[in-house]
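Nothing fancy with the numbering, it's 1 onward along the sequence.
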Amino acid sequence: MNDNEKEEAANLKEEFEWVLREEVHAILHQLHSVLVECAHRFPVPLYGNEGQKQDKFILTSQPEQLKCIVTLTGDSITHADISFKVLRQMHTICRTSINQDGPWKLQQIQDAANHLQQAIGYIDNVDKHYIFRSSEEVLHIIQCLIGSLQRARTALVLPKKKTIDELMKSRNMKALSPNLPEDLAISFYIQSHKLIFVAYQLSSVHGTMRIDSCQADCAVPWLSDVLFMLTAALHMCQQLKDKLCVFSQYKDFTVGSRSASMVLN
């Protein structure tokens with residue numbers, strides 16, 4: 001190795017140590033601020049947020065096939081007045097409701113909140129005076145963060161669709177007042193920044209089961225904020241990961257050896 005190569009290696013190592021000593025903690029601090037702000041947008045108790053925020057929405061589809069007035073409290077629909085025209089019987093209107101005695105649980109909201117809480121916990125478990133010894137240590141934390149944040153985002157963006165049989169047997173359907181006829185079902189779920197409402201009708205056509213549906217949706221403002229912050233946090237994690245992966249190519253770049261288990265509880 002000539003003198004220029006030695007100098008370049010020394011400079012790289014000095015930058016690497018600065019990143020471990022200063023930049024990693026600065027980025028973790030920024031991430032923590034973003035994630036706590038994100039937590040405070042959730043309508044459920046989360047990291048000091050009192051939760052139980054209440055919003056009202058009107059969901060309609062054209063041409064007036066379906067209408068639903070919804071009260072969303074926390075992660076549940078605590079009240080809803082629902083009416084929709086029965087498909088192929090357009091002069092028949094079905095009406096039902098949801099009330100506080102049997103709220104419709106939107107599990108996606110609580111799932112996303114739980115994953116976000118886990119992500120914040122990973123950062124809380126890192127002492128601000130801790131001296132990182134290797135890129136592997138930091139990458140372990142970043143991978144944990146990315147995993148939790150991706151799961152939080154996925155819970156809201158990609159709802160787990162239930163089969164019509166699962167939906168009809170669900171606790172939510174049984175809580176409707178009055179109950180729907182056996183060939184009708186409804187569903188509420190979150191998809192991206194929207195609350196979706198779907199009405200289903202089952203029928204038999206020449207011995208084959210047919211499912212018709214109509215749906216309506218409305219934007220939920222706090223969901224847009226949450227998804228924006230989760231995406232921003234993931235981008236910050238990926239930037240730090242990319243930078244550390246460059247240094248990790250140099251196997252002799254280490255400030256010592258110390259297990260990542262001493263950073264994460």
Side-chain angles (χ1 to χ4, degrees), residues 35-62 64-84 93-118 120 149 151-162 166-180 184-200 213-231:
L35 297 183
V36 169
E37 180 62 28
C38 184
H40 289 171
R41 301 301 173 95
F42 271 79
V44 296
L46 179 63
Y47 208 83
N49 174 33
E50 294 181 359
Q52 294 303 306
K53 178 183 176 183
Q54 189 173 89
D55 291 302
K56 290 189 176 182
F57 304 102
I58 298 177
L59 297 85
T60 59
S61 68
Q62 297 299 328
E64 297 184 357
Q65 192 173 15
L66 178 157
K67 183 175 183 179
C68 183
I69 302 173
V70 170
T71 299
L72 180 61
T73 306
D75 62 350
S76 298
I77 295 172
T78 52
H79 183 81
D81 291 319
I82 302 163
S83 63
F84 57 93
I93 297 178
C94 184
R95 302 181 190 277
T96 188
S97 65
I98 296 170
N99 57 57
Q100 290 185 340
D101 294 333
W104 188 291
K105 177 84 168 178
L106 293 169
Q107 187 61 41
Q108 292 167 262
I109 296 176
Q110 189 60 60
D111 288 345
N114 291 342
H115 292 309
L116 177 58
Q117 179 77 56
Q118 185 180 51
I120 297 173
L149 294 174
R151 288 189 293 273
R153 191 176 185 281
T154 298
L156 299 173
V157 174
L158 297 174
K160 296 177 182 177
K161 298 292 181 69
K162 293 181 178 179
E166 290 173 333
L167 185 61
M168 288 186 156
K169 293 178 180 177
S170 70
R171 180 189 65 82
N172 286 328
M173 278 287 295
K174 293 177 181 178
L176 294 175
S177 177
N179 292 328
L180 293 177
L184 299 178
I186 64 170
S187 178
F188 289 94
Y189 58 88
I190 299 294
Q191 187 164 34
S192 190
H193 65 288
K194 293 182 177 181
L195 173 64
I196 312 288
F197 170 56
V198 190
Y200 300 94
S213 66
C214 60
Q215 77 172 53
D217 60 62
C218 67
V220 179
W222 67 264
L223 279 171
S224 295
D225 295 340
V226 163
L227 290 170
F228 176 80
M229 288 183 227
L230 289 175
T231 301

Assess whether side chain to side chain donor-acceptor pair (under 3.5 Å) is satisfied between Q54 and T73, documenting all intermediate values.
-> CA-CA 4 Å; Q54 189 173 89; T73 306; 3.0 Å; yes
Judged by atom type as modelled, is there a donor-acceptor pair below 3.5 Å linking the side chain of S170 to the main-chain atoms of L167?
-> yes
By salt bridge (Lys or Arg N to Asp or Glu O under 4.0 Å), K105 pairs with (sequence neighbours left out) D75
Kindly write out the residues that satisfy side chain to side chain contact (heavy atoms under 4.5 Å, CB included) with S61, not counting sequence neighbours, or none if the list is empty.
-> Q65, L66, A216
Across all chains, not counting sequence neighbours, the side chain to side chain contact (heavy atoms under 4.5 Å, CB included) partners of Q215 are Y189, I196, V198, D217
Just checking, is any N or O donor in the side chain of Q118 or N114 under 3.5 Å from an acceptor N or O on the other one?
-> no
Plane angle bin for W222 and F42 - parallel if under 30°, tilted between 30 and 60°, otherwise perpendicular | tilted
Looking at residues at least two apart in the chain, or sitting in another chain, which of them share a side chain to side chain contact (heavy atoms under 4.5 Å, CB included) with T231?
-> R153
Could you tell me whether a side-chain N or O of H40 sits under 3.5 Å from a main-chain N or O of Y47, the two making a donor and an acceptor?
-> yes
Taking side chain to side chain contact (heavy atoms under 4.5 Å, CB included) as the test, write out the residues that go with S192, two or more places apart.
-> L227
Among residues two or more places apart or on two chains, list those pairs meeting salt bridge (charged side-chain N to carboxylate O under 4.0 Å, His left out) that have a residue in residues 39-49.
-> E37-R41, R41-D225
Any donor and acceptor pair, going by atom type alone, linking the side chain of Q100 with main-chain N or O of T78 inside 3.5 Å?
-> no
